[in-house]
Student: 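Just dropping this structure here.
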There are 2 protein chains.
Amino acid sequence: MATIGDVARAAGVSLSTVSYVISGKRPISQPTRERVERAIRELAFHPHAGAQALASARSNVIALMVPFRPGINVAIIMEFVAGVVTAARAFDHDVLLLTQEDIQEIDRVAARSLADAVIVMDVESEDPRLPSLRALDRPAVLIGVPEDTSGLACVDLDFAAAGRLATRTLIDAGHRRVALIGASRERFERRANYAVRMRDGVVEQAARSGLEVHVLPCEPTYAGGVDAVDQLLAEDPGVTGLVVHNEAALAGVVDALDRAGRPVPAGMSVVAINAANIAEGLRHPVDSITVPGHDIGGIAVQMAMARLQQDSPGETRLVAPTLTPHGSVAPPR
Amino acid sequence: MATIGDVARAAGVSLSTVSYVISGKRPISQPTRERVERAIRELAFHPHAGAQALASARSNVIALMVPFRPGINVAIIMEFVAGVVTAARAFDHDVLLLTQEDIQEIDRVAARSLADAVIVMDVESEDPRLPSLRALDRPAVLIGVPEDTSGLACVDLDFAAAGRLATRTLIDAGHRRVALIGASRERFERRANYAVRMRDGVVEQAARSGLEVHVLPCEPTYAGGVDAVDQLLAEDPGVTGLVVHNEAALAGVVDALDRAGRPVPAGMSVVAINAANIAEGLRHPVDSITVPGHDIGGIAVQMAMARLQQDSPGETRLVAPTLTPHGSVAPPR
DNA sequence: TCCGTATATCGAAGCGCTTCGAAATCACCA
DNA sequence: TGGTGATTTCGAAGCGCTTCGATATACGGA
């Protein structure tokens with residue numbers, strides 16, 4: 001494996017000149033630079049990551065903490081991850097994978113100077129990792145918005161806006177009785193921020209039109225969706241517009257509506273919030289606000305990089321939702 | 001951030017003694033070791049990863065190349081990843097994430113000494129990465145089995161055995177007409193090894209009982225499953241046992257059988273191969289051979305670690321399948 | 001008592017890079 | 001022609017750790 005010394009010898013310059021050619025931190029004359037670059041190419045030189053990290057106090061690695069606990073929405077997680085990796089590479093950084101099982105991993109990675117910055121996914125309202133993250137001596141970016149964001153950098157979909165958008169779509173189509181099939185009761189009880197913000201958005205938008213919303217928590221399974229529909233139609237058969245914020249239950253919801261003689265969209269208009277590539281796999285495709293996981297992951301990296309340049313104050317960035325129609329919203333009959 | 005020098009001073013020993021206490025590569029007397037360990041604890045010392053990598057020529061990092069291309073089975077990917085990370089941490093290694101977009105990433109990571117070993121997921125029969133992997137100057141483990149495994153370390157589910165097991169389950173229940181709804185035509189045409197091996201296992205097991213198998217490729221969507229069932233029932237209504245090796249289509253298959261008056265299991269017995277946590281989300285749960293992604297990921301790490309100790313010859317490890325019944329197999333009516 | 005052997009610890013070199021200050025070179029003008 | 005400042009390159013120190021050979025100490029046997 002060639003070293004920077006080999007390159008220097010081949011190009012007939014000093015070690016430091018090669019280093020400056022690579023980093024661009026000092027001006028190097030055109031001819032010298034060309035000789036060095038040629039030597040680098042010919043020797044297929046790649047700087048030793050450890051040596052670089054040691055000398056420069058920068059690892060060029062971002063740590064990414066991914067939730068692996070069961071029940072998590074895998075598709076969307078993968079999108080985030082892909083977005084983070086892609087963006088990180090664009091900044092010439094690599095991504096180190098951490099699991100959520102052990103909070104201490106954050107500190108270990110920082111203390112060992114393994115990573116320059118940390119991105120944490122799936123942050124909850126009262127996340128146990130918040131103290132560590134606040135105390136961390138390097139940039140941290142949270143995907144998800146905790147209750148108290150002071151001093152933190154956060155990014156997420158604007159779930160309140162998504163709730164409003166979904167609801168407005170139904171109302172604009174003429175629906176006057178609207179329901180929300182949301183996250184599981186457990187999520188609401190733990191005050192999972194996305195679930196709460198979403199619900200508040202739906203309720204608020206409906207209130208603007210003088211409407212009330214029937215809110216049903218729902219287990220994140222096919223059966224959960226079926227149960228929620230059964231319950232809804234029993235308690236409130238006049239509902240004609242439905243917002244579904246529960247990806248795993250969506251198929252069950254659609255099927256149950258079908259079997260109840262309320263097929264989408266003739267018998268029930270539906271708007272869902274979910275990961276991309278879900279809406280198409282259903283018996284009846286559903287208008288969707290997809291979580292732009294790739295974009296959000298990219299923004300998280302940008303925020304981390306910015307904070308690596310200069311430490312910035314806390315900031316929460318909420319990405320605006322967009323709705324993709326699939327013909328599941330029709331006027332009420 | 002404390003350095004090993006701080007620890008040495010605090011414990012009143014030399015630098016090298018601290019290093020040997022940490023690595024255990026030379027015997028250190030009990031009292032000395034205790035003093036050093038106390039100093040480490042009190043200073044919260046963590047060795048600098050870059051310095052360690054530089055001095056020891058070992059980064060303690062495994063690179064993991066994950067497929068992010070669309071259409072991939074996300075759930076199972078996540079299981080692999082989780083298995084790899086968990087196992088890696090058990091060996092005191094971290095995991096660096098690479099995407100499949102760029103083959104050169106493997107070489108870059110190796111040349112920079114960023115990773116000690118590489119694990120590559122979703123390897124195809126004629127994978128474009130095979131040359132790089134064969135030429136690599138450090139251990140590589142493939143998840144998936146290419147056509148020519150010479151000199152390579154591979155691990156995967158034993159799909160042929162899975163095919164035999166699924167088929168035997170149906171035959172033992174009394175079924176004499178059996179079909180396979182498999183991967184997409186495109187997968188078969190590209191000779192995706194898992195698709196082919198699975199099919200061969202099914203066909204072989206059936207042949208042992210003197211039976212033939214109706215094999216249908218199937219698009220990996222809900223609609224694909226519906227289409228496959230329609231086609232099957234049209235062409236071969238006498239089929240009573242079905243093996244489904246197409247996770248995304250499974251829901252469509254089950255629903256289509258339902259609507260065709262052939263509900264599972266009364267009208268059709270079904271065994272599926274899929275990721276865990278899929279079978280339960282269906283209208284009718286289905287007997288499943290789940291891909292043990294977590295285990296396979298762990299084995300991949302073990303293989304990499306073993307090859308870090310001493311280079312071993314090529315080896316392919318196939319994990320035996322296990323079937324979890326969910327009541328979707330009944331005697332033919 | 002002295003030597004050989006085993007055990008425990010030390011010291012220094014070196015891993016491959018970055019970075020700072022200084023040296024060398026050059027152009028230009030007085 | 002010498003001096004000045006700007007431009008380009010060099011040299012050496014140092015980042016924090018590992019590891020090899022050497023030293024120091026202890027112990028048992030002759």
Student: From the set C:dA12, D:dG11, C:dG16, return the single nucleotide nearest to any side-chain atom of A:S16.
Tutor: D:dG11

Student: Choosing from C:dC17, D:dC17, D:dC10, which nucleotide comes nearest the side chain of A:V13?
Tutor: D:dC10

Student: Considering only NZ, NE, NH1 and NH2 on the basic side and carboxylate oxygens on the acidic side, decide whether B:E42 and B:R38 come within less than 4.0 Å.
Tutor: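 Counted as a salt bridge, because a side-chain N and a carboxylate O are separated by less than 4.0 Å.
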
Student: Report the distance from atom CG of A:L114 to atom C1' of D:dC17, rounded to the nearest whole Å.
Tutor: 14 Å

Student: Who pairs with B:S16 by side chain to side chain donor-acceptor pair (under 3.5 Å), at least two apart in sequence or on another chain?
Tutor: B:S14

Student: Expressed as a whole number of angstroms, how long is the span from A:L15:CG to D:dG14:P?
Tutor: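 One finds 17 Å between P of D:dG14 and CG of A:L15, rounded.
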
Student: How many whole angstroms separate atom CD of A:Q52 from atom C1' of D:dG16?
Tutor: 16 Å

Student: Checking the side chain of B:N193 only, and the main-chain atoms of B:V123 only, is there a donor and an acceptor separated by less than 3.5 Å?
Tutor: yes

Student: Tell me whether A:R112 contacts the main-chain N or O of B:P47 through its side chain, where contact means a donor paired with an acceptor under 3.5 Å.
Tutor: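 Yes, because the side chain of A:R112 sits within donor-acceptor range (under 3.5 Å) of the backbone of B:P47.
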
Student: Round to the nearest Å and state the distance from B:R58 atom CZ to D:dT18 atom P.
Tutor: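 About 13 Å, once rounded to whole Å.
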
Student: Could you give the CG-to-P distance, from A:N60 to C:dG16, as a whole number of Å?
Tutor: 19 Å

Student: Hey, are B:R58 and B:Q52 close enough side-chain-wise for a donor-acceptor pair under 3.5 Å?
Tutor: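 Result is no, nothing qualifies.
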
Student: May I ask you to verify whether the side chain of A:S14 and the base of D:dG11 hold a donor-acceptor pair under 3.5 Å?
Tutor: no

Student: Report yes or no: is there a donor-acceptor pair, N or O only, under 3.5 Å between the side chain of B:Y20 and the base of D:dC20?
Tutor: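 A donor-acceptor contact between them is present.
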
Student: Under 3.5 Å, which protein N or O atoms sit close to an N or O of nucleotides 22-26 of chain C? Give each pair with its distance.
Tutor:
none

Student: Nearest-Å distance, CD1 (A:I4) to C1' (C:dT18)?
Tutor: 8 Å

Student: Let me know the distance between NZ of B:K25 and P of C:dT9, rounded to the nearest Å.
Tutor: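 Taking atom P of C:dT9 as the reference, NZ of B:K25 is at 19 Å.
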
Student: Assign A:S56 to base, sugar-phosphate, or nothing according to its heavy-atom contacts below 4.0 angstrom with the strands shown.
Tutor: sugar-phosphate

Student: Whole angstroms only, please: what is the NE2-P distance between B:H48 and C:dC17?
Tutor: 15 Å

Student: Taking only the side-chain heavy atoms of A:P27 (C-beta and beyond), determine which of D:dC15, D:dT18, D:dT8 contains the nearest atom.
Tutor: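 Among D:dC15, D:dT18, D:dT8, the one nearest the side chain of A:P27 is D:dT8.
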
Student: Any idea which heavy atoms bring B:P67 and A:M78 closest together, and the distance?
Tutor: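 So the two residues come closest at O-CE, 4.1 Å.
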
Student: Just to be sure I understand the rule, does A:S29 reach a base, reach only the sugar-phosphate, or reach nothing, if contact means heavy atoms closer than 4.0 Å?
Tutor: sugar-phosphate

Student: Looking only at side-chain atoms of A:T17, point me to the closest of D:dT9, D:dC15, C:dC10.
Tutor: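 The nucleotide sitting nearest to the side chain is D:dT9.
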
Student: Any sub-3.5 Å donor-acceptor pair from A:T32's side-chain atoms to A:Q30's backbone N or O?
Tutor: no

Student: Please tell me which of A:I28 and A:L54 maps to the more 5' nucleotide of DNA chain D, matching each residue to the nucleotide holding its nearest heavy atom.
Tutor: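 The 5'-side residue here is A:I28.
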
Student: Counting only side-chain heavy atoms from C-beta out, which of D:dG16, D:dC10, C:dC17 sits nearest to A:A51?
Tutor: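 Nearest listed nucleotide: C:dC17.
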
Student: So, applying side-chain contact (heavy atoms from CB on, under 4.5 Å) with A:R307, which one of A:Q302, A:R138, A:E315 is it?
Tutor: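 Output: one option passes, namely A:E315.
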
Student: Which comes earlier along DNA chain D counting from the 5' end, the contact point of A:P31 or that of B:F45, where each point is its nearest nucleotide?
Tutor: A:P31

